[in-house]
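Quick notes on the structure that follows.
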Protein chains: 2
Amino acid sequence: MTSDIQERLDWAVQTCSDRGLRRTNAMRHLLKELITSKKPKTLADLSESEGLRDLCDRVTVFRLLGRLVEKKVIRRLGFHERAAYYVFSYPDECNDYLVCTDCGKIEPLNIACPVETLEEEVMKNSGFSGLYHELEFYGQCPACA
Amino acid sequence: MTSDIQERLDWAVQTCSDRGLRRTNAMRHLLKELITSKKPKTLADLSESEGLRDLCDRVTVFRLLGRLVEKKVIRRLGFHERAAYYVFSYPDECNDYLVCTDCGKIEPLNIACPVETLEEEVMKNSGFSGLYHELEFYGQCPACA
DNA sequence: GTACCTGCAAAACCTTTGCAGCATC
DNA sequence: GATGCTGCAAAGGTTTTGCAGGTAC
C-alpha cells in the first residue's frame with residue numbers, strides 16, 4: 001500500500017523535525033529507502049541504493065543513520081555480519097528475524113512476540129528505562145542444508 | 001563451584017576433540033577463560049587476559065574462536081559494539097542479556113526465557129534446522145539516567 | 001609422517017573524525 | 001545570519017589472510 005508508506009514517511013520526517021533535525025533531501029530519501037525495504041539494510045546497501053547513490057556521499061548516509069538512531073526513528077541491529085544493519089522502527093512495532101548461519105540470509109518473522117510482557121518485568125527488576133528488545137533466531141536455511 | 005567449571009571444561013575439550021580439533025594449550029586456556037567469565041568477552045578481552053596474554057598471539061585466539069564457534073562449543077553474539085562478543089555455550093542453556101545503550105554495560109539476565117517454545121514452531125514453519133536464538137534487551141541503565 | 005595449528009606481518013574492511021563550504025531554519 | 005549538514009580526504013580499529021615453521025595425532 002503506497003498510502004501506508006507515505007504515512008510512515010510523513011510521520012518519520014515530522015518526528016525527526018520535531019526532535020531537532022533539518023529536513024534534508026538525503027533524510028527523506030534515506031527514510032524512504034528504509035521504509036520501503038522489507039529487510040534490514042547495511043550502510044553499504046543504503047548508500048549504493050538507487051535513491052541515494054547519486055544524491056549524497058556515503059559518509060553523509062553514515063552520519064544521518066547515527067542521527068536517526070539517536071532520535072529513535074530507526075534502529076540499529078547487531079547481526080553477525082561485520083557491517084551494522086539498520087531498520088525502520090515504527091512505534092510499538094516489534095521486529096524479529098530469522099538468520100541463516102551459513103549464507104547470512106535474513107527473513108523477517110511475523111510471529112506473536114512473547115517477549116513484550118517480559119519487558120515490563122525486566123524494567124522493574126533492573127531499573128533500566130526506555131527498554132526495547134531484539135530477538136533473532138539463527139539456524140541453517142533449507143537451501144544451505 | 002570449581003567442580004562445575006572443571007566439568008564444563010572437560011566437556012568442551014572433549015567435544016572439540018570429537019569434532020576434529022586438536023587439544024592445544026591455547027584451546028584449553030581460551031575455553032577456561034570463557035567458562036569462568038560471567039559475561040561475554042571480545043577478542044581483545046580474551047587475548048589480553050591473564051591466561052592467554054603470554055601464551056599465544058591474538059591471531060591465534062581469533063582463529064581459535066572461529067573454530068570453536070563452528071564446532072558449536074561457544075557462541076558469537078551480535079551486540080552493538082564494534083567488536084564481536086563471544087560466550088561459552090553449554091547445551092540447552094539459554095543466555096539473554098540486558099545492555100545499556102549509553103555505557104554499553106552488559107548484564108546477564110536470569111529469567112525464564114519464553115522463547116524456547118517458539119523455537120520449535122519457527123523451525124517447523126521455516127524449514128530452518130539447528131535453531132537457536134539470541135535475545136537482548138536494550139535501554140538506559142540507572143547509572144546513565 | 002601428515003595434517004593441523006601458530007606467529008609474524010601485512011592487507012582488507014567498515015567505521016569514525018577534521019575541516020572548509022553549503023543548505024536549512 | 002546562525003546553526004547544522006555535506007563532501008572529500010584521511011585516520012582508527014577490528015577482522016582476515018599468507019606463508020614458513022612448529023605441534024598434536
Side-chain angles (χ1 to χ4, degrees), chain A residues 12-33 40-49 51-71 73-86 101 104, chain B residues 12-31 33 40-49 51-71 73-87 101-102 104 106:
Chain A
V13 172
Q14 186 59 46
T15 304
C16 288
S17 177
D18 292 347
R19 296 180 182 168
L21 302 182
R22 302 221 164 139
R23 298 168 194 259
T24 66
N25 244 324
M27 179 177 96
R28 270 183 280 264
H29 281 86
L30 174 53
L31 282 169
K32 186 169 182 184
E33 204 67 40
K41 297 245 162 134
T42 64
L43 168 59
D45 292 340
L46 292 165
S47 70
E48 285 155 21
S49 70
L52 292 167
R53 181 163 208 36
D54 301 317
L55 182 64
C56 64
D57 192 82
R58 186 201 201 81
V59 175
T60 296
V61 179
F62 168 75
R63 286 190 270 222
L64 199 39
L65 285 167
R67 288 195 289 265
L68 294 179
V69 169
E70 195 187 335
K71 301 305 181 189
V73 172
I74 68 174
R75 200 173 276 179
R76 183 181 175 171
L77 297 179
F79 286 147
H80 285 189
E81 316 270 316
R82 208 151 127 182
Y85 280 79
Y86 297 89
T101 46
Chain B
V13 172
Q14 185 58 46
T15 304
C16 287
S17 177
D18 291 346
R19 295 180 183 167
L21 301 184
R22 303 230 161 132
R23 299 169 194 259
T24 65
N25 245 324
M27 180 177 95
R28 270 183 279 264
H29 280 87
L30 174 54
L31 283 169
E33 203 67 39
K41 298 244 162 138
T42 64
L43 169 59
D45 293 339
L46 292 165
S47 70
E48 285 155 21
S49 70
L52 292 167
R53 182 164 207 38
D54 300 317
L55 182 64
C56 65
D57 193 80
R58 185 201 201 79
V59 175
T60 296
V61 179
F62 168 75
R63 286 190 269 221
L64 199 39
L65 284 168
R67 288 195 290 264
L68 295 180
V69 169
E70 196 188 336
K71 302 305 182 190
V73 171
I74 68 174
R75 202 172 274 179
R76 182 180 175 173
L77 297 179
F79 286 148
H80 285 189
E81 316 270 318
R82 212 154 125 181
Y85 280 78
Y86 297 88
V87 66
T101 46
D102 285 17
I106 299 168

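Because only heavy atoms are used, hydrogens play no part in the values below, and waters and symmetry mates are left out as well, while side chains stay in. Proteins come first, then strands; the chains are lettered A, B, ... in the order of their sequence lines, and each starts at number 1.
- The phosphate of D/dC5 (OP1 or OP2) has no side-chain N or O of A/T60 nearer than 4.0 angstrom.
- For A/R53, the CZ atom is loosely surrounded, since the number of other residues' heavy atoms within 6.0 Å does not exceed 12.
- Using a 4.0 Å heavy-atom distance criterion, A/A44 is classed as making no nucleic acid contact.
- The nearest whole Å value for the distance from the CD atom in B/E81 to the P atom in C/dT15 is 14 Å.
- A straight line from OH of A/Y86 to C1' of C/dC14 spans 10 Å, rounded to a whole angstrom.
- Rounded to whole angstrom, the span from the CZ atom of A/R82 across to the P atom of D/dG12 amounts to 18 Å.
- Backbone-only contact: B/L55 has heavy atoms under 4.0 Å from sugar-phosphate atoms and none from a base.
- Contact annotation for B/L64: no contact, since no heavy-atom pair falls under 4.0 Å across all strands.
- In the model, B/D18 has no side-chain atom that pairs as donor or acceptor with a side-chain atom of B/T15 under 3.5 Å.
- Nearest heavy atom pair, residue A/L31 against residue A/C16, reads CD1-SG, 4.3 Å.
- Here the nucleotide nearest the side chain of A/C56, chosen from C/dT16, D/dG7, D/dT14, is D/dG7.
- A straight line from CZ of A/R28 to P of D/dT6 spans 11 Å, rounded to a whole angstrom.
- Residues A/L21 and B/V59 both approach DNA chain D. Their nearest nucleotides, taken by heavy-atom distance, put A/L21 toward the 5′ side.
- The nearest pair of heavy atoms linking A/A84 to A/R76 is CB-NE, 3.4 Å.
- Within 4.0 Å (heavy atoms only), B/A84 reaches sugar-phosphate atoms of the nucleic acid but no base atom.
- Atom CG in B/L68 sits 11.0 Å away from atom CZ in B/R19 (nearest 0.5 Å).
- Atom CE of B/M27 and atom C1' of C/dC4 are 13 Å apart (whole Å).
- With respect to A/M27, the side chain to side chain contact (heavy atoms under 4.5 Å, CB included) criterion is satisfied by exactly one of A/T60, A/L64, A/V73: A/L64.
- The nearest whole Å value for the distance from the CG atom in A/D45 to the P atom in C/dT15 is 11 Å.
- Under 4.0 angstrom from either OP1 or OP2 of C/dT6 there lies at least one side-chain N or O belonging to B/R67.
- As judged by a 4.0 angstrom heavy-atom cut-off over every strand, A/R23 is placed among residues touching the sugar-phosphate backbone only.
- Rounded to whole angstrom, the span from the CZ atom of A/R58 across to the C1' atom of C/dT16 amounts to 13 Å.
- Summarising the geometry, the separation between CG on A/D57 and P on C/dG21 is reported as 17 Å, rounded to the nearest angstrom.
- Taking the nucleotide of DNA chain C with the nearest heavy atom to each of B/V61 and B/R22, the more 5' of the two is matched to B/R22.
- Of all nucleotides listed (C/dC8, C/dT16, D/dT15), D/dT15 comes nearest to the side chain of B/A83.
- The phosphate of D/dA24 has neither OP1 nor OP2 within less than 4.0 Å of any side-chain N or O from B/T24.
- Candidate nucleotides C/dT15, D/dT17, D/dT6 were compared by shortest atom distance to the side chain of A/R63, and D/dT6 ranks first.
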